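Report on the following structure.
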Number of protein chains: 2
Amino acid sequence: MADTPDYTIDATETSLDLLEMLAESPDPLGVTTLADRLDVSKSVVHNHLSTLRARGYVLKRGNRYEPSLRSLSLGSQTRAKIPVYQSARQQLDNLAAASGETSVLFVLEETEGVPTYIAEAAEGWSPQYREGERLPLHINAPGKAILSSLPDDRIDDVLDAADLVAPTSATMTEPAELKAALRSVRDDTVAFCRGEQYEGIVGVATAVSTSDTDHVAAIGVCGPVDRLNGRYLEEDIAGQVLSTAKSIQVALTSQ
Amino acid sequence: MADTPDYTIDATETSLDLLEMLAESPDPLGVTTLADRLDVSKSVVHNHLSTLRARGYVLKRGNRYEPSLRSLSLGSQTRAKIPVYQSARQQLDNLAAASGETSVLFVLEETEGVPTYIAEAAEGWSPQYREGERLPLHINAPGKAILSSLPDDRIDDVLDAADLVAPTSATMTEPAELKAALRSVRDDTVAFCRGEQYEGIVGVATAVSTSDTDHVAAIGVCGPVDRLNGRYLEEDIAGQVLSTAKSIQVALTSQ
DNA sequence: CCGAACCGTTCTTCTCTACAGAACGGAAAT
DNA sequence: ATTTCCGTTCTGTAGAGAAGAACGGTTCGG
């Protein structure tokens with residue numbers, strides 16, 4: 001009960017708490033466990049689970065509950081409506097095949113970046129993050145590419161709103177330092193990431209500037225530093241990323 | 001209010017109604033539209049949207065609301081926990097490349113089949129359904145493969161629970177007819193679909209029998225009849241599907 | 001083989017939440 | 001400039017959802 005009346009629906013929050021808890025848990029959970037963790041009564045948990053089950057969001061095996069793939073359905077539906085996703089998918093598959101490394105599409109959501117499509121190369125590195133997850137923008141190459149493509153005032157907004165966490169020692173946490181980096185990204189049209197998200201993982205990315213101003217996006221390639229290091233120049237990975245971005249833009253504007 | 005007390009949470013249902021309505025709508029919707037469609041007051045819609053927004057499930061552009069990719073995140077998390085998905089993904093990419101046609105993994109959920117991974121071939125046909133969607137089991141090849149791998153009594157349960165809808169004139173709607181078909185699927189270890197889901201689209205599938213009894217699964221290949229017709233024999237597509245299933249089973253049991 | 005502990009479900013009582021509807025205020029349209 | 005539309009805020013009230021006890025099935029441990 002804050003002094004700011006917050007017209008927010010408790011029941012919905014409880015249901016979402018349950019759904020998220022089930023999704024995060026590696027294995028199915030029972031009513032008592034959930035009730036304890038959320039600090040509500042068992043009957044409440046039971047009623048919410050019944051509701052979620054009736055709606056197809058939760059499955060029951062014996063007396064354990066687990067999430068269904070219903071939310072994947074909602075997610076796919078939502079993603080399918082994003083024009084840049086439609087255009088980028090195939091192109092990212094090609095990029096992954098050509099570069100031999102994992103290729104990703106990031107989209108801006110609020111003040112964070114969402115990996116919207118991940119094309120894993122056959123022998124490539126698999127990122128820890130999953131499609132749909134929200135990640136800080138300042139710790140990876142596509143995030144920086146997205147940031148650099150924003151107008152200056154929005155960059156400030158985002159940097160203010162985001163807490164500049166540092167997953168590794170290489171992460172830039174100073175706004176000033178970051179903004180300097182972003183200027184050079186804007187000049188070069190490519191962003192790099194050198195172990196700022198995961199130790200030993202590097203990335204190249206570029207913004208996908210599109211007429212669809214609703215969805216600010218970037219694509220990139222990432223992988224272990226020892227695999228990618230020499231190949232930046234030899235095989236011109238940055239060039240491949242740039243030309244892929246170009247193709248996506250062409251596909252987007254031509255339709 | 002039915003005579004059966006249904007301990008179900010209205011607020012949660014309203015929130016899910018909103019979320020699903022936004023997901024299904026091709027473009028963002030306003031408060032009034034949503035209130036009209038759901039037949040609730042505007043303030044209720046507003047409160048629910050605020051809640052969903054605070055939780056990151058809904059975005060607001062101007063005064064239109066749209067779903068975020070948050071549910072994709074939940075969905076990916078859930079899917080990542082399914083062992084057969086982990087093993088099948090790469091193999092399905094290979095199958096799609098080798099066969100040149102879209103390859104899919106279906107998993108049984110309640111009494112329906114869920115396309116859990118779709119590997120689209122470069123020039124292949126794109127299915128109308130999306131990952132996570134629930135589809136009837138009797139209208140496609142992987143569905144039939146899943147059905148045939150179930151014990152007889154469960155087949156009856158599923159056929160009773162499902163309404164045997166007929167999207168095309170080729171769909172089998174008679175339980176007896178279907179069960180006869182399932183027997184031959186069990187004998188041959190491959191299931192076929194000949195335009196029973198979409199006119200002119202055919203498929204081959206086989207069950208992935210796994211030690212993970214929680215997830216009954218099948219993989220398959222599908223595409224336009226005129227592309228696949230001769231190639232069944234020439235390139236032995238059914239054989240490719242079978243050997244892919246074998247590899248997946250090996251990968252699953254070896255870990 | 002029996003008893004105790006556990007857990008999911010059902011049920012009842014009561015409080016407070018979530019709903020409807022009105023009022024407000026800003027933007028867009030005529 | 002005036003009207004209309006729509007999102008947001010506010011308020012009273014009915015009824016829904018929370019808590020907790022009680023039930024019944026299953027699974028332990030003795």
Side-chain angles (χ1 to χ4, degrees), chain A residues 1-23 25-68 110 213-214, chain B residues 1-23 25-68 110 213-214:
Chain A
M1 298 299 155
D3 48 355
T4 333
D6 195 9
Y7 303 110
T8 202
I9 314 265
D10 282 355
T12 296
E13 299 227 44
T14 306
S15 284
L16 293 178
D17 283 338
L18 283 168
L19 203 57
E20 290 170 9
M21 188 157 285
L22 289 175
S25 163
D27 27 44
L29 298 174
V31 171
T32 307
T33 313
L34 290 163
D36 287 347
R37 292 207 194 158
L38 289 180
D39 199 40
V40 288
S41 66
K42 285 192 295 175
S43 56
V44 168
V45 171
H46 185 260
N47 290 343
H48 279 269
L49 288 176
S50 303
T51 311
L52 290 171
R53 205 155 87 87
R55 287 306 212 104
Y57 288 83
V58 157
L59 299 172
K60 190 180 171 182
R61 271 195 225 285
N63 47 22
R64 294 278 113 100
Y65 291 85
E66 62 185 14
S68 78
E110 308 279 14
T213 49
D214 289 344
Chain B
M1 297 299 156
D3 47 357
T4 334
D6 197 8
Y7 302 110
T8 205
I9 313 262
D10 281 356
T12 296
E13 299 226 43
T14 307
S15 284
L16 293 178
D17 283 338
L18 283 167
L19 203 58
E20 290 170 10
M21 188 157 283
L22 289 175
S25 163
D27 29 42
L29 299 173
V31 172
T32 306
T33 313
L34 290 163
D36 287 346
R37 292 206 195 162
L38 289 180
D39 198 39
V40 287
S41 66
K42 283 193 296 175
S43 56
V44 168
V45 171
H46 184 260
N47 290 343
H48 279 270
L49 288 176
S50 304
T51 311
L52 290 172
R53 205 155 88 88
R55 288 304 211 102
Y57 288 83
V58 158
L59 298 171
K60 190 179 173 180
R61 272 194 224 286
N63 47 21
R64 292 280 115 98
Y65 292 85
E66 63 185 12
S68 79
E110 307 279 14
T213 49
D214 288 345

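Model, not experiment: these values are computed from the prediction. First the proteins, then the strands, lettered A, B, ... as listed; each starts at 1. Scope of the values below: all heavy atoms of this structure, side chains included, with no hydrogens, waters or symmetry mates.
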Atom NE2 of A:His48 to atom C1' of C:dT10: distance rounded to whole Å?
17 Å
Got a list of protein N/O to nucleotides 25-30 of chain C N/O distances below 3.5 Å?
none

How long is the line joining CG of A:Asn47 and P of D:dA19, in whole Å?
11 Å
N/O-N/O pairs, protein side and nucleotides 20-28 of chain D side, under 3.5 Å:
from	atom 1	to	atom 2	distance (Å)
D:dG20	O6	A:Ser43	OG	2.8

Could you go through residues 49-58 of chain B and list every donor-acceptor pair under 3.5 Å that involves a side-chain atom there, pairing it with any protein atom two or more places apart or in another chain?
from	atom 1	to	atom 2	distance (Å)
B:Ser50	OG	B:His46	O	2.8
B:Thr51	OG1	A:Thr8	OG1	3.1
B:Thr51	OG1	A:Ile9	N	2.9
B:Thr51	OG1	B:Asn47	O	2.8
B:Arg55	NE	A:Glu13	OE1	2.9
B:Arg55	NH1	A:Glu20	OE1	3.2
B:Arg55	NH1	A:Glu20	OE2	3.2
B:Arg55	NH2	A:Glu13	O	3.2
B:Arg55	NH2	A:Asp17	OD1	2.3
B:Tyr57	OH	A:Glu20	OE2	2.7

Specify the separation, in whole Å, of atom CG of B:Leu34 and atom P of D:dG7.
9 Å
From the candidates D:dG17, C:dT9, D:dT9, the one with an atom nearest any side-chain atom of A:Val31 is C:dT9
Rounded distance (Å) that lies between atom P of D:dG17 and atom CD of A:Glu13:
15 Å
For A:Thr8, report the nucleic acid contact type (base, sugar-phosphate, nothing); a contact means any heavy atom under 4.0 Å.
sugar-phosphate
Extract from the structure each pairing of a protein N or O with an N or O of nucleotides 12-14 of chain C at less than 3.5 Å, listing the distance.
none

Between OH of B:Tyr65 and P of D:dC6 the distance, given in whole Å, is 15 Å
Output the single nucleotide from C:dT9, D:dT9, D:dA16 whose closest atom is nearest the side chain of B:Asp10.
D:dA16
Please report the distance, rounded to the nearest Å, between NE2 in B:His46 and C1' in D:dT9.
8 Å
Between A:Arg64 and C:dC7, is there a side-chain N or O to OP1/OP2 distance below 4.0 Å?
no
Could you state the atom-to-atom distance from CD1 of A:Ile9 to P of C:dA20 in whole Å?
10 Å
The helix from C:dC1-D:dG30 to C:dT30-D:dA1: angle between end helix axes, five pairs per end, rounded to 10 degrees
40°
Show me the side-chain donor-acceptor pairs of residues 60-67 of chain A shorter than 3.5 Å, one per line, residues at least two apart or across chains.
from	atom 1	to	atom 2	distance (Å)
A:Arg61	NE	A:Glu66	OE2	2.9
A:Arg61	NH1	B:Asp214	O	3.1
A:Arg61	NH2	A:Glu66	OE2	2.9
A:Arg61	NH2	B:Asp214	O	3.1

Taken to the nearest whole Å, CG/B:Leu49 to P/C:dC19 is 12 Å
